[in-house]
Amino acid sequence: AQSVTQLGSHVSVSEGALVLLRCNYSSSVPPYLFWYVQYPNQGLQLLLKYTSAATLVKGINGFEAEFKKSETSFHLTKPSAHMSDAAEYFCAVSEGWAAGNKLTFGGGTRVLVKP
Amino acid sequence: EAGVAQSPRYKIIEKRQSVAFWCNPISGHATLYWYQQILGQGPKLLIQFQNNGVVDDSQLPKDRFSAERLKGVDSTLKIQPAKLEDSAVYLCASSLGTMETGELFFGEGSRLTVL
């Protein structure tokens with residue numbers, strides 16, 4: 001069975017500061033990993049995904065994440081926070097096509113950006 | 001390209017009443033998912049369809065929830081009778097359903113409040 005743990009349900013950062021959101025996963029097979037962002041009253045939008053190619057993955061809006069197998073982690077970072085980054089972020093794991101490409105999500109981290 | 005469409009966006013009902021949500025996936029997407037997102041939690045998979053067949057409904061409370069995807073396109077999720085704990089956002093997602101491990105595309109969700 002697969003699972004995802006996101007450390008910290010709320011993160012507060014100053015505008016221009018580093019954004020770091022932590023995600024650890026468990027999976028019985030090599031995983032596929034995703035970060036989604038959810039703005040208020042909207043659906044989930046894909047930020048980036050890891051599908052066994054490069055371990056450092058770049059996504060939209062300046063975000064990137066690094067897959068570390070030894071640490072079973074897929075932390076999300078952005079060097080400089082912008083007010084528009086205020087949203088909720090979800091890490092998700094999939095065991096691929098053989099498992100129906102189903103996503104299992106973490107509990108989410110809500111990001112607050114202070115001016 | 002049109003996204004995943006869901007309706008209604010908001011619904012308020014009293015407990016023991018029934019409700020239905022509709023989803024129209026992206027054209028050509030064979031796989032359709034319904035997720036339940038309770039406030040403060042990550043989305044949880046309820047049911048997955050591949051074309052018009054059910055792939056996984058292990059997390060669907062079958063005593064009150066039902067879903068169908070007639071003709072392999074639109075889908076309807078029904079709750080009858082509703083309980084207070086069913087208050088949540090119901091997210092529909094679709095994907096190509098091919099061997100490629102691609103992203104899931106989410107609709108904006110249907111927010112249900114059960115009083």
Side-chain angles (χ1 to χ4, degrees), chain A residues 1-10 21-25 27 29-53 57 59-60 65 67 87-110, chain B residues 2-10 21 23-26 29-51 53-60 88-111 113:
Chain A
Q2 55 195 25
S3 68
V4 176
T5 301
Q6 291 184 239
L7 187 62
S9 59
H10 291 79
L21 305 182
R22 300 180 186 275
C23 171
N24 289 89
Y25 69 90
S27 175
V29 300
Y32 300 97
L33 295 159
F34 303 79
W35 276 99
Y36 280 82
V37 60
Q38 187 176 35
Y39 298 101
N41 297 315
Q42 295 187 25
L44 283 78
Q45 177 185 1
L46 181 71
L47 274 179
L48 49 79
K49 63 182 180 183
Y50 166 77
T51 57
S52 75
V57 181
I60 62 171
F67 171 66
E88 190 154 22
Y89 294 79
F90 293 93
C91 182
V93 63
S94 164
E95 294 186 344
W97 170 252
N101 282 335
K102 294 186 291 290
L103 294 181
T104 297
F105 287 88
T109 299
R110 186 171 297 278
Chain B
V4 176
Q6 291 188 245
S7 67
R9 287 295 313 278
Y10 305 92
F21 301 113
C23 173
N24 180 239
I26 293 173
H29 281 195
T31 310
L32 185 147
Y33 311 78
W34 282 101
Y35 280 83
Q36 180 193 55
Q37 185 178 17
I38 293 173
L39 186 65
Q41 300 180 19
K44 183 186 79 171
L45 180 69
L46 290 175
I47 189 168
Q48 176 186 355
F49 293 94
Q50 180 73 15
N51 296 310
V54 175
V55 174
D56 183 354
D57 63 356
S58 59
Q59 299 297 308
L60 188 73
V89 177
Y90 292 86
L91 294 166
C92 179
S94 68
S95 70
L96 280 170
T98 64
M99 289 293 290
E100 178 184 356
T101 303
E103 67 181 281
L104 272 60
F105 294 82
F106 285 83
E108 293 186 316
S110 294
R111 182 179 298 275
T113 301

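Chain naming here is simple, since letters A, B, ... match the order of the sequence lines and numbering starts at 1 in each.
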Between B:E103 and A:K49 the two heavy atoms that sit nearest each other are N-NZ, 4.1 Å
Please indicate whether A:I60 has more than 12 foreign heavy atoms, meaning atoms of other residues, nucleotides or ligands, lying under 6.0 Å from its CD1. yes
Side-chain (A:Y36) to main-chain (B:L104) donor-acceptor, under 3.5 angstrom: yes
Ignoring hydrogens and angles, tell me if any N or O in the side chain of B:R9 forms a donor-acceptor pair with the backbone of A:N41 under 3.5 Å. yes
Region of A:Q45 that comes under 4.5 Å of a non-hydrogen atom in chain B: neither
Non-hydrogen atoms of A:F90 and B:Q37 that approach each other most closely: CZ-NE2, 3.2 Å
Value for OG (B:S95) from NZ (A:K102), rounded to nearest 0.5 Å, stands at 11.0 Å
When the 4.5 angstrom heavy-atom criterion is applied to B:Y10 and chain A, the contacting part is side chain
Report the distance from atom CZ of B:F106 to atom CD of A:Q38, rounding to the nearest 0.5 Å. 9.0 Å
Let's test your reading of the structure: which of B:E108, B:Q6, B:Q41 forms the most heavy-atom pairs below 4.5 Å with chain A? B:E108
Within the side chain of B:Y35, is there an N or O that forms a donor-acceptor pair under 3.5 Å with the backbone of A:L103? yes
Quick check: closest heavy atoms across A:G43 and B:L91, and the distance to 0.1 Å? CA-CD2, 4.5 Å
